[in-house]
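To start, the structure itself, in structure tokens.
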Amino acid sequence: MKSGIWTYFLFLSITLILMVVACNKADQTVSDKTDLTTADSTIDTSTSLPVKLCLNAPDYGDSIVYVKPQNGGDFFVEPTNNIGIEGTYLSWPEGLQINRNTGVINLSQSETGVRYQVAFVKKGTTDTCVSQLIVGGLTYMDGIYVLDQHDTLAKPVFNADPFKSSVCDVSDDTDYPDNNGNGNNQCAFDDDAPGQRANDHKLRVRTKSGIINMKKSVDDGLFGKNPKNGATKMVQIRYRLNDASQKALQKIAVQVMYYDKVSSIPLTLQQEIAGKRNSMFNYKIVKGKPRPPLLIIAGFSR
């Protein structure tokens with residue numbers, strides 16, 4: 001009987017020692033590469049930061065926050081915890097405008113429709129306490145659109161969830177500003193002043209659904225009459241959604257490139273797109289720069 005008791009206490013002691021060692025390994029410092037000199041700054045996503053979940057992980061009241069309409073000025077959210085606790089706030093990937101001292105986020109100046117990691121390092125410690133935060137809005141998934149395979153439509157992704165149903169109504173190929181399209185009560189895309197609309201630059205964005213017709217964009221002259229491999233356009237799309245953002249004006253810039261066939265696309269770009277798509281489909285943080293989304297149009301598959 002005594003032998004059994006001593007064996008049990010010996011096993012318990014060894015287990016506790018192993019737990020302490022594991023916890024000490026989890027306590028890591030912020031990399032020296034991290035730039036913390038600016039109050040409102042984002043973190044270079046090439047910097048590898050440790051992830052440790054703890055009580056000081058920033059909490060903004062919900063896993064998704066939305067920009068709201070403002071009569072004047074920008075819209076901000078602040079953490080509901082860590083009140084009176086000194087420390088440093090970090091975020092990655094790029095795009096979140098966060099005050100490093102207070103954790104206050106300027107949503108009006110942040111990239112919306114993106115999944116972020118937000119971290120807090122308590123003063124006097126080396127613990128990096130991390131939580132995930134989605135800034136509501138839309139993005140377009142990085143992708144290669146092959147026209148001869150009838151892969152012609154880039155569809156918006158809402159709240160960083162590629163499987164989430166669209167909050168907008170379906171629309172067809174008549175839904176453009178030059179056909180008097182200006183959205184509806186549910187969603188409005190590219191409802192901007194003439195000359196400043198994405199459609200004015202020949203990026204054919206449907207005003208009710210936000211779908212981009214890639215083939216029509218090329219046919220209508222997005223890259224000119226005779227597009228060359230590597231031709232690139234950066235176009236901004238303004239939009240309003242009738243969701244928790246209450247139709248606040250938001251914007252997204254998309255980068256569109258052209259190649260005559262898939263084999264002409266540099267391997268580095270193909271790998272970049274594959275990596276970002278994999279992260280999106282697995283609800284992971286997109287490494288590097290999630291914005292602008294890269295949409296590559298290829299005329300032929302081979």
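In what follows, residues are counted from 1 in the order of the sequence shown.
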Run the side-chain hydrogen bond (donor to acceptor under 3.5 Å, both in side chains) test against D161 and tell me which residues pass, sequence neighbours left out. Y283
For K251, is there any backbone N or O sitting under 3.5 Å from a side-chain donor or acceptor partner on Q236? no
Flag, side chain of R204 to backbone of K216, donor-acceptor distance under 3.5 Å: no
Disulfide bond (SG atoms under 2.5 Å apart) pairs, two or more places apart, involving residues 198-302: none
Once the angle between the rings of F189 and Y239 is folded into 0 to 90°, is it parallel (under 30°), tilted (30 to 60°) or perpendicular (over 60°)? parallel
Evaluate the criterion side-chain hydrogen bond (donor to acceptor under 3.5 Å, both in side chains) for residue pair N82 and K122; output intermediate values, then yes/no. CA-CA 9 Å; N82 297 331; K122 184 179 178 180; over 6 Å; no
Sidechain N-carboxylate O distance under 4.0 Å for D172, R206: no
Considering only NZ, NE, NH1 and NH2 on the basic side and carboxylate oxygens on the acidic side, decide whether K208 and D175 come within less than 4.0 Å. no
Side-chain heavy atoms of N56 within contact of D127, under 4.5 Å: no
For S217 and Y145, what are the C-alpha separation, side-chain angles and deciding distance, and is it a side-chain hydrogen bond (donor to acceptor under 3.5 Å, both in side chains)? CA-CA 12 Å; S217 297; Y145 298 84; over 6 Å; no
Using the ring pair (Phe, Tyr, Trp, His ring centres under 6.0 Å) criterion, which residues pair with F223? Sequence neighbours excluded. Y258
Tested for side-chain contact (heavy atoms from CB on, under 4.5 Å) against Y60, the lone hit among I105, T80, V135 is I105
For K155, does the NZ atom sit with more than 12 other heavy atoms under 6.0 Å from it, leaving out its own atoms? no
